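Everything quoted here is computed from the prediction, not taken from an experiment. Note that ligands are numbered from 1 as they come in the structure, with each ligand's atoms numbered from 1 the same way.
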Amino acid sequence: MWFLSALWLLPLVTVQAQEDPHFVAEVLFCQPQDPVVGLVKMFDDSQMFSYNFTNGSSIPRIQEFEKWADHSFPNRANISNDLNLCKGFLGELTEVLTNVTPEAKGTTKVKLMTAQPVRLGEPNTLICFVGNIYPPILTITWQKNGLNVTEGITHSGYFAMTDMTFQTFSYLKISPQLHETFACIVHSDGDDTPAVGFWVPSLVVPSQLLENILCGLGIALGIVLFIVGMVFLYLTFKDRTLVSDCDLLILSLISKKHIFINT
Ligand SMILES: *[C@@H]1O[C@H](CO)[C@@H](O)[C@H](O)[C@H]1NC(C)=O
Ligand SMILES: *[C@@H]1O[C@H](CO)[C@@H](O)[C@H](O)[C@H]1NC(C)=O
Ligand SMILES: *[C@@H]1O[C@H](CO)[C@@H](O)[C@H](O)[C@H]1NC(C)=O
Ligand SMILES: *[C@@H]1O[C@H](CO)[C@@H](O)[C@H](O)[C@H]1NC(C)=O
């Protein structure tokens, strides 16, 4: 048994805008298995930066954050102190609490979605979202039609949520074809049964061509209905006996005209 030690360094700032409070948090964790350390800067439940312990650089989650990278971890000099504190806790807690307290575990949730609207045969990215993770030790693999996929896979690293769980994303580059199946397989540490999310291309527009055909058919149907409508309107003008009570409004317009013509 082992422990994860997390230091919620501080909700550094509570940005109070009207009634909506936002939390900026710096979360450092250490654990016995890979990744043995992690440090992320969160804005509410969104990651802004993660820290690269290998060369002490800050990795922005999206390129737009690059300009704030220098200010992302303002107390860099203290990171190694904090890390030592975390490792200290980890050692002590493991010794004291093993076989005393139950091991904390999250039930991982897996969801799959595509980055772009699906078009058969066109490049897309399949996103595997894994939530409610605790501790942040997972192995994520992909299968296509039941066979392991090794190429075109990237992982996001772990995001620290405000409820003290973690989230992660895995991405697979695909060009989906009909009847293909994709699976995102999530192995949690010490859990023999993986959590699996499936995705199949369904209700998709196979190509731009079909979309154009459907659009053309729609317009054609509209034109046909318009002509039918005009024919009925014409018949109404031609032969008043065809007119039912429902057409009183049209009738009143017509009769006015007739009265005008007759007089
Ligand atoms: C962290 O920095 C090292 C050394 O430059 C690099 O090899 C590694 O890819 C970086 N890690 C990430 C997640 O960018
Ligand atoms: C650290 O490594 C990353 C990824 O390899 C690189 O982009 C960055 O420039 C490096 N930063 C420093 C301070 O060496
Ligand atoms: C950082 O460490 C210095 C001493 O090493 C200490 O005086 C300072 O309070 C620390 N800052 C934080 C934010 O922990
Ligand atoms: C597929 O990958 C899983 C997990 O990495 C591995 O256990 C399994 O043996 C692989 N299957 C094949 C047929 O390579």
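- Here's the thing with N55: one of its N/O atoms is less than 3.5 angstrom from an N/O atom of ligand 1.
- Under the side-chain contact (heavy atoms from CB on, under 4.5 Å) test applied with I174, the options T125, V149, L126, V118 reduce to a single match, L126.
- Within the listing of ligand 2, atoms 1 (C), 11 (N) sit less than 4.0 angstrom from a heavy atom of S57.
- Protein heavy atoms are found inside the 4.0 Å sphere centred on atom 11 (N) of ligand 4.
- An N or O contact shorter than 3.5 Å is missing between N52 and ligand 2 by distance.
- In this structure the side chain of S156 reaches within 4.5 angstrom of the side chain of R61, judged on heavy atoms.
- Residues F53 and Y51 place their aromatic rings such that the two centres sit under 6.0 Å apart.
- Aromatic ring centroids of F169 and F159 lie under 6.0 Å apart.
- Annotation: atom 13 (C) of ligand 1 to nearest protein heavy atom, I59 CD1, 3.8 Å.
- I140 has its side chain within reach of V130: a pair of non-hydrogen atoms, C-beta onward, lies under 4.5 Å apart.
- Annotation for E92: atom CD does not count as buried by contact number, only 12 or fewer foreign heavy atoms lying within 6.0 Å.
- Distance check for atom 5 (O) of ligand 2: every protein heavy atom is found at 4.0 Å or beyond.
- The presence of a protein heavy atom under 4.0 Å from atom 1 (C) of ligand 2 is confirmed.
- Scanning the protein heavy atoms around atom 8 (C) of ligand 4, the nearest turns out to be N148 ND2, 3.7 Å.
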